[in-house]
Amino acid sequence: LEQAQLARNYIPICLDRVLESCDLFFHSDPLKIVRASGQYMYDELGNQYLDCINNVCHVGHSHPYVVEAAYKQMKVLNTNNRYLHDNIVKLAKRLTETMPPKLSVVYFCNSGSEANDLAIRLSRHHTKGTEMVTLDHAYHGHIVSTMNISPYKIRKNTDGVHPYPEYVHVAPSPDIYRGKYRDCDHPGEDLGEKYANDVKDIIDKVHAKGKKMCLFIAESMQSCGGQVIFPEGYLKKVYRYVHDAGGVCIADEVQVGFGRVGSHFWSFQIQGVEPDIVTVGKPMGNGHPISAVITTKEISSSFAKCGMSYFNTYGGNPVSCAIGLAVMDVIEQEGLLQKALETGNYITEKLMELMKMFTIIGDIRGQGLFIGIDLVKDRKTREPATEEAEYVLHRMKQEYIILSTDGPYENILKMKPPMCFSLKDADNLIEKLTVALKEVEEKRKNGEFAVKAHGTDKCHNTVIDDEEEIAIQDVRPFSVETITANGPEEPADLEQEDTPTKK
Ligand code: PMP
C-alpha cells in the first residue's frame, strides 16, 4: 500500500514532464493501470476496472495467443521489410481476403496516422489532384498531414497556428440526430441524399475554381464525431460524386474495423461501398503498433512510378506481422464478430429500456460493439447534457467501469470495448449506469445542473475556403425557435418520444 501511495506521488511529476499536453483520462485523478487481461484492467492497488472503451486491445488485453506469437517471432528474427519474409505476405493475403477483390495491394506502417498520411500520398500521385474533402468533427491522426483533415482537432486550436490549408474542404458530418439536417426537421426525407449533395456542392465549387479533386476521406461510422451512424445511401452517393470528379475515396477503418460492427468485418461494407483505399490500425496489433493501407493495383502502380520508393523502418516487420496474423486468428477462432453482434444487441436493448426510464437519454445509436448514448437536457431541443455526461463518467469510474465521452459537446457516452466483452459485463454496466442516471435525475430536480448548457452553438465554425468564407452549420443552435417553428409542442409521453436513430 505504501508503495502504491508513493507511486501516486509521481503523478504531478508525470503530468509536468511527460504528459502535459496529453489527453489523460480523468485528468484531475488519473488512473495508474499496471496490468490487464481480457476486458479488465487493474490499478496499482489491485482494483479491477471493466474496460468499455479500449478498441485497440481488440481481442482482449494481453491475449495469450497474441503474446505468444510475438514472443516466438521475437526470438527468431525481427528486421525491416527490405528482405522477403513469409509473415508479411501471409498477413497481406489474410487482409485482402476480407476486402473487395479490387483492393489487392497492402502497405504496412505503424500507426493510424502513418496509414492515413500514406493514403494521402497515394491519392496525390494517382489523381494528380489537390483538393481534399473531409467530414466535420472527423479525426484522422496526429501528424501534420492528417491534422489538416481533422476538424475534430483544428476546431480546438486556440492560437491560430493550425488553420485548414486552402485545399481542404469540410463537409457536414451526416449526423441525423444533431447535424445540419436532423430527422425531426426533415421527416420522411432522404437525408443521405441531402448530406451527399453538400459534398457535391463542394466539388462543384472546386471545379468552378479550376481545381482538381484529389480525395474524400471518412470513417464509415464517425467515432470521434460522436458515434455517428450515417444515413442509408450516404456514402454510395458521395463516392459516386467523388469518382465522377476523378478523386479517390478513402475509408478510415482505424477505429471501426476488424469486425467491431459485428455484421461485417469492415464498416464500409454496411454502406455497401467499395473504397479505393482503406486504412487500418489500432485493433490490428491488439496494442502493438501496426497499421496498413490497402489499395488497388492501379493506385499502387501510380505511386510506384513517382520515383519515391516506400521505406518505413518498422512497417511490415516480421514481429508486427506475426502479431497481426495472431489477431486475425483469434477473431476467427473465438467467433468475435458474432459475439460483438450478440453482446452489442443485448446492450442496445437494455439501453432502450433505460431510455424509457430516463429522459436524459436522447438517442442510442450504434452497431455491434460501437455504441453511443447521447445525453440531452431536453429531448425536444436535443440540447447536449455535457455536465451530466461528465458526472456519469466519474460516477462510473467510482464503480470501476471505464467509459468515455465524445462528440462536439462531449455529451455522448461512448462504448467500444474489447470484443470479448460479455453479457455479464453488460449487466454490470447497465446496473451501474442505472444508478448513475438516477442520481442525475435527482440532481436535476434539485437544480444542481444548469437547465441550459449552451445558449448558442459553440461548435458553429468558420472555414476559410480560398477567398470565400463558408460557414459550416452542421450543428444546430439550440434555440427555442428551432424547435417550435410549428408552434409550441406539448411534452409527449415518454414512451412515444424520439426513438433511437439506429440499433
Ligand atoms: N483515424 C482514426 C479514425 C482514429 O480514431 C485515429 C486514432 N484515434 C487515427 C486515425 C490515428 O491513429 P494513431 O493514433 O494510431 O496514429
Side-chain angles (χ1 to χ4, degrees), residues 19 21-25 53-58 107-123 132-156 168 170 173-175 215-230 235 249-261 266-268 270-271 275 277-294 312-316 320 323-324 327 366-367 369-372 404-408 410 412 414-418:
L19 302 170
S21 185
C22 290
D23 259 346
L24 208 55
F25 284 135
I53 56 171
N54 196 320
N55 57 356
V56 182
C57 294
H58 191 62
Y107 290 80
F108 288 99
C109 339
N110 311 293
S111 69
S113 304
E114 274 192 17
N116 282 330
D117 178 74
L118 182 58
I120 293 171
R121 286 178 65 197
L122 294 174
S123 307
M132 303 178 190
V133 179
T134 187
L135 295 184
D136 206 359
H137 308 302
Y139 179 65
H140 295 295
H142 67 89
I143 58 181
V144 175
S145 62
T146 55
M147 285 287 287
N148 286 341
I149 50 170
S150 297
Y152 182 71
K153 288 284 178 190
I154 292 188
R155 274 177 172 281
K156 293 172 187 160
V168 171
V170 181
S173 165
D175 176 352
L215 64 86
F216 167 81
I217 184 164
E219 295 180 273
S220 304
M221 315 184 148
Q222 208 181 32
S223 48
C224 294
Q227 309 290 86
V228 178
I229 307 290
F230 297 171
L235 279 184
C249 296
I250 304 171
D252 180 337
E253 293 274 340
V254 169
Q255 279 213 37
V256 290
F258 285 91
R260 172 157 301 283
V261 296
W266 305 108
S267 72
F268 66 77
I270 291 175
Q271 284 270 317
I277 302 177
V278 178
T279 55
V280 299
K282 288 180 187 283
M284 185 176 181
N286 212 47
H288 177 88
I290 176 169
S291 67
V293 178
I294 302 106
N312 187 330
T313 303
Y314 304 111
S320 297
I323 290 172
V327 170
Q367 176 89 31
L369 283 174
F370 175 84
I371 300 170
S404 65
T405 54
D406 218 330
E410 298 282 343
I412 292 140
K414 254 178 125 170
M415 270 209 74
K416 48 190 175 71

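Numbering of ligands and ligand atoms starts at 1, following listing order. Note that the numbering runs from 1 along the sequence shown for the chain. In what follows, every heavy atom counts, from backbone to side chain, and hydrogens, waters and symmetry copies are set aside.
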Examine the proximity of ligand 1 to Val256 and report which part, side chain or backbone, both or neither, has a heavy atom under 4.0 Å away.
-> neither
All heavy atoms of Arg260 vs all of His58, minimum pair found to be NH2-ND1, 3.6 Å
Could you list the atoms of ligand 1 found under 4.0 angstrom from a heavy atom of His142?
-> 16 (O)
Quick one: look at Glu114 and ligand 1, take heavy-atom pairs under 4.0 Å, and tell me if it's side chain, backbone, both or neither.
-> neither
For atom 9 (C) of ligand 1, closest protein heavy-atom neighbour | Val254 CG1, 3.8 Å
For Phe216 and Leu135, run side-chain contact (heavy atoms from CB on, under 4.5 Å): C-alpha distance rounded to whole Å, both residues' side-chain angles, the deciding distance at 0.1 Å, then the answer.
-> CA-CA 9 Å; Phe216 167 81; Leu135 295 184; 4.1 Å; yes
Sub-4.0 Å atoms of ligand 1 with respect to non-hydrogen atoms of Glu219 = 3 (C)
Correct closest heavy-atom pair for Thr279 and Ala119 would be CG2-CB, 3.7 Å
Value for CG (Asn116) from CD1 (Ile250), rounded to nearest 0.5 Å, stands at 7.0 Å
Identity and separation of the nearest protein heavy atom to atom 5 (O) of ligand 1 = Gln255 NE2, 2.8 Å
Please lay out, stage by stage, how Gln222 and Phe230 fare under the test side-chain contact (heavy atoms from CB on, under 4.5 Å).
-> CA-CA 8 Å; Gln222 208 181 32; Phe230 297 171; 4.0 Å; yes
Do me a favour and list the nearest non-hydrogen protein atom to atom 12 (O) of ligand 1 with residue, atom name and distance?
-> Gly112 CA, 3.3 Å
Report the nearest protein non-hydrogen atom to atom 7 (C) of ligand 1: residue, atom name, distance rounded to 0.1 Å.
-> Lys282 CE, 3.1 Å
Ranking Cys224, Ser113, Ala115, Gly225 by closest non-hydrogen atom to atom 16 (O) of ligand 1, top hit is Ser113
Which of the ligand 1 atoms, numbered from 1, are nearer than 4.0 Å to a heavy atom of Asn116 | 1 (N), 10 (C)
Does Pro289 reach the side chain of Ser111, with side-chain heavy atoms less than 4.5 Å apart?
-> no
List the closest protein heavy-atom neighbour of atom 1 (N) of ligand 1: residue, atom name, distance to the nearest 0.1 Å.
-> Asp252 OD2, 2.7 Å
Looking only at non-hydrogen atoms, find the nearest pair between Val168 and Thr134 and report the distance.
-> CG1-CG2, 4.0 Å
Contact atoms of ligand 1, heavy-atom distance to Ser111 under 4.0 Å | 15 (O), 16 (O)
Verdict with reasoning, Trp266 to Val280, per side-chain contact (heavy atoms from CB on, under 4.5 Å) = CA-CA 10 Å; Trp266 305 108; Val280 299; 3.4 Å; yes
